[in-house]
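Okay, structure first, notes after.
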Amino acid sequence: QVQLVESGGGLVQAGGSLRLSCAASGRTFRWYGMGWFRQAPGKEREWVGTVNWTGGSTEYADSVKDRFTITRENAKNTAYLQMNNLKPEDTAIYYCAANSRSGDGSRRTADYDLWGRGTQVTVSS
C-alpha cells in the first residue's frame, strides 16, 4: 500500500514562497494521478491542482493559477507544490492525494484513494 507524507509547510510572510513535497512509498506511485488540496479552518477541503502520471499535464484552481506550480519526480517517488506570491488566504492545511486507479488528475476528492496527513501553511499579512 502506497503511503503519502507531506512536508515543507511553515509560516511565511505574504509575498513569500514555500515548496511542499509529497513523498510516496512504493514503486507504483509513478503510475498514479496526483492532486493537491487544502482546507482552511471552518471551510471544506478545496482542490488546488493536479498533475498526471507523467508530469506532462497540470491543472490549477483559478485562485492559485500563475502562483502555484505542481511537478513530480517519479524516480524519487515525490511530487511538489511550489507556491509563490503567497497570500493570507492561502493559509490552510495542504494535502497531497493519489489516484491508484488512474494516471490522470482530477478535481474531485472522491477520485483519490490515497491521502497524506497534511502540512500546515500559514501566511501572515
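As the structure is a prediction and not an experimental result, all values here were calculated from the model.
Cluster annotation: Val64 is connected to Leu18 through the hydrophobic network of ILVMFWY side chains, with a link wherever side-chain heavy atoms come within less than 4.5 Å. Val12 and Tyr94 fall within a single hydrophobic cluster, where Ile, Leu, Val, Met, Phe, Trp and Tyr are joined by side-chain heavy atoms under 4.5 Å apart, directly or via other members. There is a path of hydrophobic side-chain contacts, each under 4.5 Å, that joins Leu81 to Val51. Residues Trp115 and Ile93 are members of one and the same hydrophobic cluster, defined by side-chain heavy-atom contacts under 4.5 angstrom among Ile, Leu, Val, Met, Phe, Trp and Tyr.
Side-chain atoms of Asn99 do not come within 3.5 Å of backbone N or O of Gly33 as any donor-acceptor pair. For the pair Ser21 (side chain) and Ser7 (backbone), a donor-acceptor distance under 3.5 Å is absent. Judged by distance alone, with hydrogens and angles left aside, the side-chain atoms of Asn74 form a donor-acceptor pair with the main-chain N or O of Trp53 at under 3.5 Å. At least one donor-acceptor pair closer than 3.5 Å links the side chain of Asp113 to the backbone N or O of Ser100. The backbone N or O of Gly118 sits less than 3.5 Å from a side-chain atom of Glu6, completing a donor-acceptor pair. A donor-acceptor pair is defined here as one N or O able to donate and one able to accept, closer than 3.5 Å; such a pair exists between the side chain of Thr91 and the backbone of Val123. With Asn85 contributing its side chain and Arg67 its backbone, the two residues share no donor-acceptor pair below 3.5 Å.
For the pair Ser25 and Val2, the tightest heavy-atom approach, listed with the atom from each and the gap, is O-CG1, 3.1 Å. Residues Ala92 and Ala40 share a closest heavy-atom pair of CB-N, 3.8 Å. The minimum heavy-atom distance between Arg108 and Asp111, with the atom names listed, is NH2-OD1, 2.8 Å. When all heavy atoms of Lys43 and Gln39 are compared, the pair lying nearest together is O-NE2, 3.1 Å.
For the atom pair Leu4 CG and Asn77 CG, the distance stands at 10.0 Å (nearest 0.5 Å). Taking CG of Asn52 as the start and OH of Tyr32 as the end, the distance is 15.5 Å to the nearest 0.5 Å.
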| Step by step, would you call Tyr60 with Thr69 a side chain to side chain contact (heavy atoms under 4.5 Å, CB included)? | CA-CA 8 Å; Tyr60 301 94; Thr69 303; 3.8 Å; yes

| Verdict with supporting geometry, Glu89 and Ser63, side chain to side chain contact (heavy atoms under 4.5 Å, CB included) | CA-CA 10 Å; Glu89 51 263 43; Ser63 59; over 6 Å; no

| Given the rule in the side chain to side chain contact (heavy atoms under 4.5 Å, CB included) test, do Ile70 and Met34 qualify, once you have shown the distances and angles that lead to the verdict? | CA-CA 9 Å; Ile70 298 174; Met34 297 287 298; over 6 Å; no

| query | Would Thr71 and Gln82 satisfy side chain to side chain contact (heavy atoms under 4.5 Å, CB included), going step by step from the backbone distance to the final call? | reply | CA-CA 8 Å; Thr71 57; Gln82 177 66 44; over 6 Å; no

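A salt bridge between Asp90 and Lys87 is absent, with no side-chain N of the basic residue lying under 4.0 Å from a carboxylate O of the acidic one.
A cation-pi arrangement is present between Arg19 and Tyr80, with the terminal nitrogen or guanidinium carbon under 6.0 Å from the aromatic centre and inside a 45° cone about the axis. A cation-pi contact links Arg72 to Phe29, judged by a cut-off of 6.0 Å to the six-membered ring centre and 45° from its axis.
Partner of Tyr112 under the ring-ring contact (aromatic ring centres under 6.0 Å, His included) criterion, chosen from Tyr95, Phe37, Trp47: Phe37.
Residue Arg117 places its CZ atom among 12 or fewer non-hydrogen atoms of other residues, nucleotides or ligands, all under 6.0 Å distant. No more than 12 heavy atoms of other residues, nucleotides or ligands sit less than 6.0 Å from atom CD of Gln3.
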